[in-house]
Colleague: 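Dropping a structure here in structure tokens format, bear with me for questions.
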Amino acid sequence: ARRIAEARFEGYPAPRSATCFGAGLRGRYVDLGLIRPSKAHLVGNGPDYGVTAAQIAAYADRHVLRLQVRKQLGISPDAFLLGFVGRFVHDKGIEHLFHAYRAIAKRNPLTRLLLIGDFEQGDPVDAEVRNAMAQDAGITFTGFVTNPFQYYFAMDLFVFPTAREGFPFSPVEAAVAGVPTVGFAATGMSDAVLQGQTGVLVPAGDTDRLVAECCKFARDRELLLRVGLDAHLWASNDMLQQKAWSNWSAWYDRLG
């Protein structure tokens with residue numbers, strides 16, 4: 001939406017119609033005045049991909065995978081493990097994530113942070129924060145990985161303080177692994193995280209609220225497991241790959 005808005009103001013025409021991955025992105029298009037509501041179309045409830053049958057089946061082995069991945073990474077089985085998957089850039093909220101992790105660790109010394117991905121040159125993370133992260137023994141970096149799915153099983157909580165998204169799929173992958181998400185209520189996030197059902201969204205930029213919600217999960221194992229199960233059931237049903245393909249196939253047939 002931001003790129004289209006910038007193009008529009010440079011003199012390029014707005015799109016006559018658009019297919020949107022979720023209601024949040026559709027609402028953003030409309031709010032920016034880029035398109036009439038009748039021309040902004042939703043196809044199903046997500047992008048033209050989804051969680052696979054193999055990912056869903058892996059949930060049955062979640063306890064074994066949790067221990068295997070933690071052992072591989074040198075993370076204690078007893079740690080309260082926060083996780084993040086994505087690009088390490090300012091726009092993804094890495095600074096908010098780091099400060100939240102530090103605050104949570106003060107309240108719960110068993111807190112650790114697992115970061116899947118790598119730093120990028122564009123939109124860089126604050127240099128002071130990056131240096132502090134590198135020196136923190138409680139943070140585990142994997143670097144870039146082609147298929148990060150197994151790492152979700154090691155996590156207790158997926159933390160995603162992003163500034164904006166189209167349709168973020170990492171919270172859905174976390175969900176199918178039975179891991180709740182706590183994140184910012186940025187554009188697109190309400191389509192990937194169902195408030196109070198698969199996780200919790202707080203106002204964008206509110207790190208204190210982010211910390212408070214993470215600490216609720218840290219204190220209440222029953223809550224963590226219940227929301228994790230609800231997240232898995234939702235992702236396994238509503239975000240199933242075959243369902244997404246069927247929705248988009250039907251959409252193309254109507255256009256044809």
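Keep in mind that what you see is a predicted model, and the values were worked out from it rather than measured.
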Colleague: If I compare all heavy atoms of P171 with all of A192, which pair ends up nearest, and what's the gap?
Modeller: CB-O, 4.0 Å

Colleague: Quick one: do the T207 and H99 side chains pair a donor with an acceptor below 3.5 Å?
Modeller: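 The criterion, which ignores hydrogens and geometry beyond distance, is not satisfied for H99 and T207.
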
Colleague: Measuring from T52:OG1 to L240:CG, what's the distance to the nearest 0.5 Å?
Modeller: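 One gets 9.0 Å once the value is rounded to the nearest 0.5 Å.
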
Colleague: If you round to the nearest 0.5 Å, how far is CG of L110 from CD1 of I104?
Modeller: 13.0 Å

Colleague: Keeping the roles fixed (side chain from N237, backbone from L233), state whether a donor-acceptor pair exists under 3.5 Å.
Modeller: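 Flag not set: sc N237 to bb L233 has no pair under 3.5 Å.
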
Colleague: Please examine the side chains of F217 and V227, heavy atoms only from C-beta on, and report whether any two atoms are closer than 4.5 Å.
Modeller: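 Contact flag for V227/F217 side chains = yes.
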
Colleague: Return yes if some donor-acceptor pair links the side-chain N/O of R26 with the main-chain N/O of P37 below 3.5 Å, else return no.
Modeller: yes

Colleague: Under 3.5 Å, is there a donor-acceptor pair between the side chain of S246 and the main chain of Q242?
Modeller: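 No, S246 side chain to Q242 backbone: no donor-acceptor pair under 3.5 Å.
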
Colleague: For the pair R70 and D156, find out whether any cationic side-chain nitrogen is under 4.0 Å from an anionic carboxylate oxygen.
Modeller: yes

Colleague: Taking all atoms of both residues into account, what is the closest heavy-atom pair of P161 and L210, and its distance?
Modeller: CB-CD2, 4.1 Å

Colleague: Measuring only between side-chain heavy atoms, which start at C-beta, is D126 closer than 4.5 Å to H90?
Modeller: no

Colleague: With a 4.5 Å cut-off on side-chain heavy-atom distances among I, L, V, M, F, W and Y, is there a chain of contacts connecting F119 to I139?
Modeller: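 Same cluster.
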
Colleague: Do you know which two heavy atoms are closest between D220 and L223, and how far apart they sit?
Modeller: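 What the structure gives for the nearest pair is OD1-N, 3.0 Å.
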
Colleague: I'd like to check V159 versus F84 (side-chain heavy atoms, cut-off strictly below 4.5 Å). Are they in contact?
Modeller: no

Colleague: Do R112's NZ or CZ and the ring of F80 fall within the cation-pi criteria of under 6.0 Å and 45°?
Modeller: no

Colleague: Taking the side chain as everything from C-beta on, heavy atoms only, tell me whether N108 gets closer than 4.5 Å to C215.
Modeller: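 Answer no - side chains too far apart.
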
Colleague: Taking it one step at a time, do F160 and F158 satisfy ring-ring contact (aromatic ring centres under 6.0 Å, His included)?
Modeller: CA-CA 7 Å; F160 204 63; F158 187 69; 5.6 Å; yes

Colleague: Is D123 paired with R87 through a side-chain N to carboxylate O contact shorter than 4.0 Å?
Modeller: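 No.
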
Colleague: When clusters are formed by joining ILVMFWY residues with side-chain heavy atoms under 4.5 Å apart, either directly or through shared neighbours, do V64 and M155 land in the same one?
Modeller: no

Colleague: So does H232 get a backbone contact from the side chain of S236, meaning a donor-acceptor N/O pair under 3.5 Å?
Modeller: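 Yes; judged by distance alone, with no hydrogens or angles, the pair exists.
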
Colleague: Once you round to the nearest 0.5 Å, how far does CD1 of I75 lie from CG of L81?
Modeller: 5.0 Å

Colleague: Side chains of T142 and L73: does their closest heavy-atom pair fall under 4.5 Å?
Modeller: yes

Colleague: Any side-chain heavy atom of Y152 within less than 4.5 Å of one from V85?
Modeller: yes

Colleague: Using 30° and 60° as the class limits, which term best fits the ring planes of H41 and W251: parallel, tilted or perpendicular?
Modeller: tilted

Colleague: Which residues pass the salt bridge (Lys or Arg N to Asp or Glu O under 4.0 Å) test with K243, sequence neighbours left out?
Modeller: none

Colleague: Heavy atoms only: give me the nearest A79-R66 pair and the separation to one decimal.
Modeller: O-NH2, 4.2 Å

Colleague: When clusters are formed by joining ILVMFWY residues with side-chain heavy atoms under 4.5 Å apart, either directly or through shared neighbours, do V69 and Y59 land in the same one?
Modeller: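 No, it is not one cluster - the side chains of V69 and Y59 are not joined through contacts under 4.5 Å.
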
Colleague: Is there a side-chain contact between V176 and V172 in this structure, where contact means two heavy atoms from C-beta onward sitting under 4.5 Å apart?
Modeller: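 Answer no - side chains too far apart.
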
Colleague: Does F169 form a ring-ring contact (aromatic ring centres under 6.0 Å, His included) with Y49? I'd like the steps, not just the answer.
Modeller: CA-CA 9 Å; F169 206 69; Y49 48 87; 4.9 Å; yes

Colleague: Which value, rounded to the nearest 0.5 Å, describes the distance between L97 atom CG and L113 atom CG?
Modeller: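 Answer for the CG-CG pair, L97 versus L113, is 5.0 Å.
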
Colleague: Between CG of L201 and CZ of R209, what distance do you get to the nearest 0.5 Å?
Modeller: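 Here the rounded value is 10.5 Å.
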
Colleague: What are the two closest heavy atoms between V51 and Q55, and how far apart are they?
Modeller: CA-OE1, 3.3 Å

Colleague: Rounded at 0.5 Å granularity, tell me how far OG1 in T111 sits from CZ in R107.
Modeller: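 With rounding to 0.5 Å, OG1 (T111) is 10.5 Å from CZ (R107).
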
Colleague: Check for me, please, whether L229 and L194 land in the same ILVMFWY cluster - side-chain distances under 4.5 Å, paths through other members count.
Modeller: no

Colleague: Could you go through T162 and E165, starting from their C-alpha distance and side-chain angles, then the distance that decides it, and tell me whether this counts as side-chain hydrogen bond (donor to acceptor under 3.5 Å, both in side chains)?
Modeller: CA-CA 7 Å; T162 183; E165 297 288 326; 2.6 Å; yes

Colleague: Does the side chain of E173 reach to within under 4.5 Å of the side chain of V179, using non-hydrogen atoms?
Modeller: no

Colleague: When clusters are formed by joining ILVMFWY residues with side-chain heavy atoms under 4.5 Å apart, either directly or through shared neighbours, do Y151 and F141 land in the same one?
Modeller: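 Yes, it is one cluster - the side chains of Y151 and F141 are joined through contacts under 4.5 Å.
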
Colleague: Which pair of non-hydrogen atoms, one from A163 and one from A186, has the smallest distance, and what is that distance?
Modeller: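 So the two residues come closest at O-CB, 3.2 Å.
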
Colleague: Quick one: sort the F184 and H96 rings into parallel, tilted or perpendicular, breaks at 30° and 60°.
Modeller: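 F184 vs H96 ring planes: perpendicular.
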
Colleague: With a 4.0 Å cut-off on N to O distance, would you call E120 and K92 a salt bridge?
Modeller: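 K92 and E120: not salt-bridged.
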
